[in-house]
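Note that this is a predicted model, so its numbers are computed, not measured. Computed from heavy atoms alone, side chains included, the values below leave out hydrogens, waters and symmetry copies.
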Amino acid sequence: MERTATAVWNGGLKDGKRSISTQSTVLSDTPYSFVTRFENGKGTNPEELIAAAHAGCFTMALSAQLGATQFRPETLRTKATVSLEKLEAGWTISKIHLDVTAKIGGISATAFEDAAIGAKENCPVSRPLKAEITMAAHLEQAA
């Protein structure tokens with residue numbers, strides 16, 4: 001399986017801009033620029049896309065981990081926070097924090113935490129990222 005995305009850029013770092021598109025066309029000429037990355041301009045940026053990819057991948061991996069132990073989540077919600085810092089080596093994604101909240105009937109807090117840790121370690125997006133990846137897992141009462 002292969003997936004693709006393209007980025008087009010016109011101009012210098014601070015005055016340039018252009019767009020990002022994905023094979024699925026979910027993103028189609030989505031604007032990105034210095035302002036969308038380092039300020040609050042309208043558009044996206046690489047760090048936001050990494051956060052979205054990591055949140056999606058981790059959440060699916062957690063569902064798989066839970067299914068392997070015969071639990072079916074009612075709801076899983078994950079927020080991924082990517083930290084971009086200027087280090088001695090330059091701008092670096094230094095941390096990613098996953099904050100997951102789940103509603104799952106009949107599961108213990110320990111079993112949920114074990115599944116969440118397994119998902120964090122085995123999510124295909126987690127593996128190539130060399131940033132420190134932390135997580136908080138919250139279990140809500142199921143109906």
Side-chain angles (χ1 to χ4, degrees), residues 1-10 13-14 16-143:
M1 172 175 48
E2 293 182 339
R3 298 288 185 255
T4 63
T6 57
V8 179
W9 188 264
N10 298 109
L13 174 62
K14 290 194 176 184
K17 59 185 170 190
R18 195 53 198 274
S19 62
I20 295 174
S21 298
T22 57
Q23 176 181 348
S24 67
T25 70
V26 168
L27 297 177
S28 180
D29 292 324
T30 302
Y32 84 114
S33 66
F34 186 88
V35 173
T36 65
R37 190 170 193 185
F38 296 105
E39 298 173 19
N40 290 319
K42 185 174 171 134
T44 192
N45 59 70
E47 293 73 28
E48 178 180 67
L49 297 172
I50 289 171
H54 204 179
C57 181
F58 168 80
T59 305
M60 289 179 76
L62 179 53
S63 180
Q65 289 279 328
L66 291 163
T69 57
Q70 308 306 310
F71 288 103
R72 182 178 172 86
E74 185 178 317
T75 308
L76 298 173
R77 282 185 314 279
T78 304
K79 178 181 178 181
T81 303
V82 171
S83 297
L84 182 67
E85 294 183 72
K86 181 142 181 153
L87 302 177
E88 208 171 287
W91 286 101
T92 303
I93 293 175
S94 58
K95 293 184 277 189
I96 300 173
H97 179 75
L98 301 171
D99 195 350
V100 59
T101 301
K103 196 178 282 189
I104 308 161
I107 194 169
S108 71
T110 301
F112 171 66
E113 182 75 21
D114 289 346
I117 290 168
K120 179 176 77 81
E121 293 170 356
N122 294 301
C123 160
V125 172
S126 293
R127 290 186 196 129
L129 298 173
K130 297 194 186 285
E132 173 191 354
I133 301 170
T134 61
M135 180 187 65
H138 311 279
L139 182 61
E140 296 179 338
Q141 292 291 12

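Not a single donor-acceptor pair under 3.5 Å links the side chain of R72 to the backbone N or O of G67.
The number of heavy atoms from other shown groups lying within 6.0 Å of CD (E85) is above 12.
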### Message
Using side chain to side chain contact (heavy atoms under 4.5 Å, CB included), reason through L84 and T92 one step at a time and then give a plain yes or no.
### Response
CA-CA 6 Å; L84 182 67; T92 303; 5.7 Å; no

#### Entry: Stepwise side chain to side chain contact (heavy atoms under 4.5 Å, CB included) test for L129 and I50
CA-CA 10 Å; L129 298 173; I50 289 171; 4.3 Å; yes

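Pairs passing the side-chain hydrogen bond (donor to acceptor under 3.5 Å, both in side chains) check and including a residue from residues 52-69, sequence neighbours excluded, read H54-S126, T59-T78.
Distance check, rounded to the nearest 0.5 Å: NE2 of H138 to CD of E113 gives 9.5 Å. Distance check, rounded to the nearest 0.5 Å: CD1 of I104 to CG of L76 gives 5.5 Å. For the atom pair CZ of R18 and OG1 of T6, the computed distance is 9.5 Å after rounding to the nearest 0.5 Å. Here L62 contributes atom CG and C57 contributes atom SG; the two are 11.0 Å apart, rounded to the nearest 0.5 Å.
Inter-residue side-chain proximity for I107 and L66 is flagged as met; some heavy-atom pair is nearer than 4.5 Å. Side chains of E140 and T101 form a contact here, defined as non-hydrogen atoms less than 4.5 Å apart. When side chains are defined from C-beta on, E121 does not count as touching M135, because their heavy atoms never get closer than 4.5 Å.
Residues H97 and T81 bring no donor and acceptor atom of their side chains to less than 3.5 Å of each other.
The two residues F112 and A137 come nearest to each other via the heavy atoms CE2-CB, 3.4 Å. K120 approaches F58 most closely through the heavy-atom pair N-CE1, 3.5 Å. Looking at every heavy atom in both residues, P128 comes nearest to P124 through CD-O, 3.0 Å.
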Donor-acceptor pairs under 3.5 Å, side chain of residues 23-39 to any protein atom, not counting sequence neighbours: which ones?
{"unit_1": "Q23", "atom_1": "OE1", "unit_2": "T4", "atom_2": "N", "d": "2.9"}
{"unit_1": "Q23", "atom_1": "OE1", "unit_2": "T4", "atom_2": "OG1", "d": "3.4"}
{"unit_1": "S24", "atom_1": "OG", "unit_2": "T22", "atom_2": "OG1", "d": "3.3"}
{"unit_1": "S24", "atom_1": "OG", "unit_2": "V26", "atom_2": "N", "d": "3.3"}
{"unit_1": "D29", "atom_1": "OD1", "unit_2": "S19", "atom_2": "OG", "d": "3.3"}
{"unit_1": "T30", "atom_1": "OG1", "unit_2": "S28", "atom_2": "N", "d": "3.4"}
{"unit_1": "S33", "atom_1": "OG", "unit_2": "V35", "atom_2": "N", "d": "3.3"}
{"unit_1": "S33", "atom_1": "OG", "unit_2": "T36", "atom_2": "N", "d": "3.3"}
{"unit_1": "T36", "atom_1": "OG1", "unit_2": "S33", "atom_2": "N", "d": "2.8"}
{"unit_1": "T36", "atom_1": "OG1", "unit_2": "S33", "atom_2": "O", "d": "3.0"}
{"unit_1": "T36", "atom_1": "OG1", "unit_2": "T44", "atom_2": "O", "d": "2.7"}
{"unit_1": "R37", "atom_1": "NE", "unit_2": "E47", "atom_2": "OE1", "d": "3.0"}
{"unit_1": "R37", "atom_1": "NE", "unit_2": "E47", "atom_2": "OE2", "d": "3.2"}
{"unit_1": "R37", "atom_1": "NH2", "unit_2": "E47", "atom_2": "OE2", "d": "2.5"}

